[in-house]
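Since the structure comes first, as structure tokens, the remarks are kept for the end.
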Number of protein chains: 2
Amino acid sequence: MRDVFTALSSPARRQILELLRERALSAGEIAERIPLAKPTLSGHFNVLKEAGLVSADRQGNSIVYRINTSVVEDALAALLRLTRREEVE
Amino acid sequence: MRDVFTALSSPARRQILELLRERALSAGEIAERIPLAKPTLSGHFNVLKEAGLVSADRQGNSIVYRINTSVVEDALAALLRLTRREEVE
DNA sequence: ACAATATTTCGCTAATTCGCAAAATAACGA
DNA sequence: TCGTTATTTTGCGAATTAGCGAAATATTGT
């Protein structure tokens, strides 16, 4: 399971997540919206999958990706901790 | 100004931020707590500074680093957006 | 001016990442 | 089975990164 923050460190991958925020999209639909070669995008999908940030389901010919918001929320919680000074020690 | 998520993608840098969460620390104090060579840590400090995640002040001989929570909060807000489906468009 | 302490910059190597084109795989419909 | 469409895997080069030791820089105290 790859590190979530590593997956989030690429602008291209964050852009993919932004697109998936609204609705699930196939690899091809994402490729129509992001100016990168399909193999390049496929690599990014893999990183996002390994981090648990998206899940993929085949639907006929296409593979549909959807965002996994609960994993985003975990990252959120980790960041939130940094904004709060330790209260009990 | 370097990308905040890129800066957060390194476990070593997140560990530095965790230490700074409680209180500001000098480079040497951080080096006592993290098993990496000082030049390596110095490089990480630089990345964190370029991302605006920490600020540095010389105090006599030492350089004291403190976390910049407002920039962490900006990253937080960017992540939070990903957890909410677009409502108005 | 000198020695001691704290930190950074330099120069290097090994490993990783990002992009692509070409080839391989998977599912569908005729 | 064959052809088409959708996506991934492979293999590559260029660029970046993370680590280190040695040397350089900055500050303090004598």
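Chain letters run A, B, ... following the sequence lines, proteins first, then strands; residues in each count from 1. Excluded from the calculations below are hydrogen atoms, water molecules and symmetry mates; all remaining heavy atoms, backbone and side chain alike, are included.
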Output all residues satisfying side-chain hydrogen bond (donor to acceptor under 3.5 Å, both in side chains) with A:Ser9, sequence neighbours left out; order by chain, then residue number. none
DNA chain D: 5'-most and 3'-most nucleotides touching chain B, 4.0 angstrom heavy-atom criterion: D:dT17 to D:dT28
Side chain to side chain donor-acceptor pair (under 3.5 Å): pairs with one or both residues in residues 66-75 of chain A, sequence neighbours excluded: A:Asn68-A:Ser70
Could you give the side-chain donor-acceptor pairs of residues 50-58 of chain B under 3.5 Å, partners two or more places apart or in another chain?
unit_1: B:Glu50; atom_1: OE1; unit_2: B:Arg2; atom_2: NE; d: 3.2
unit_1: B:Glu50; atom_1: OE1; unit_2: B:Arg2; atom_2: NH2; d: 3.4
unit_1: B:Arg58; atom_1: NH1; unit_2: B:Gly60; atom_2: O; d: 3.3
unit_1: B:Arg58; atom_1: NH1; unit_2: B:Asn61; atom_2: O; d: 3.2

Flag the pair B:Leu20 / B:Ile16 as yes when at least one side-chain heavy-atom distance between them is below 4.5 Å, and no otherwise. yes
Give every pair of a protein N or O atom and an N or O atom of nucleotides 2-9 of chain C that lie under 3.5 Å apart, one pair per line with the distance.
unit_1: C:dT5; atom_1: O2; unit_2: B:Asn61; atom_2: ND2; d: 3.4
unit_1: C:dT7; atom_1: OP1; unit_2: B:Ala27; atom_2: N; d: 3.2
unit_1: C:dT7; atom_1: OP1; unit_2: B:Gly28; atom_2: N; d: 3.3
unit_1: C:dT7; atom_1: OP1; unit_2: B:Ile63; atom_2: N; d: 3.4
unit_1: C:dT7; atom_1: OP2; unit_2: B:Gly28; atom_2: N; d: 2.6
unit_1: C:dT8; atom_1: OP1; unit_2: B:Tyr65; atom_2: OH; d: 2.3
unit_1: C:dT8; atom_1: OP2; unit_2: B:Ser42; atom_2: OG; d: 3.1
unit_1: C:dT8; atom_1: O5'; unit_2: B:Ser42; atom_2: OG; d: 3.2
unit_1: C:dT9; atom_1: OP2; unit_2: B:Asn46; atom_2: ND2; d: 3.3

With respect to the phosphate group of C:dT17, does any side-chain polar atom (N or O) of A:His44 fall under 4.0 Å of OP1 or OP2? no
So B:Ile67 and B:Leu48, do their side chains get closer than 4.5 Å, heavy atoms only? no
Are OP1 or OP2 of C:dT16 and a side-chain N or O of A:Arg2 less than 4.0 angstrom apart? no
Starting at the 5' end of DNA chain C, which residue's closest nucleotide do you reach first, A:Gly60 or A:Leu36? A:Leu36
Residues 31-48 of chain A vs side chain to side chain donor-acceptor pair (under 3.5 Å), sequence neighbours excluded, gives A:Arg13-A:His44
Distance col, row B:Phe45:CZ vs B:Ile30:CD1, nearest 0.5 angstrom, shows 4.0 Å
Main-chain N/O of A:Ala12 paired to A:Ser10 side chain as donor or acceptor, under 3.5 Å: yes
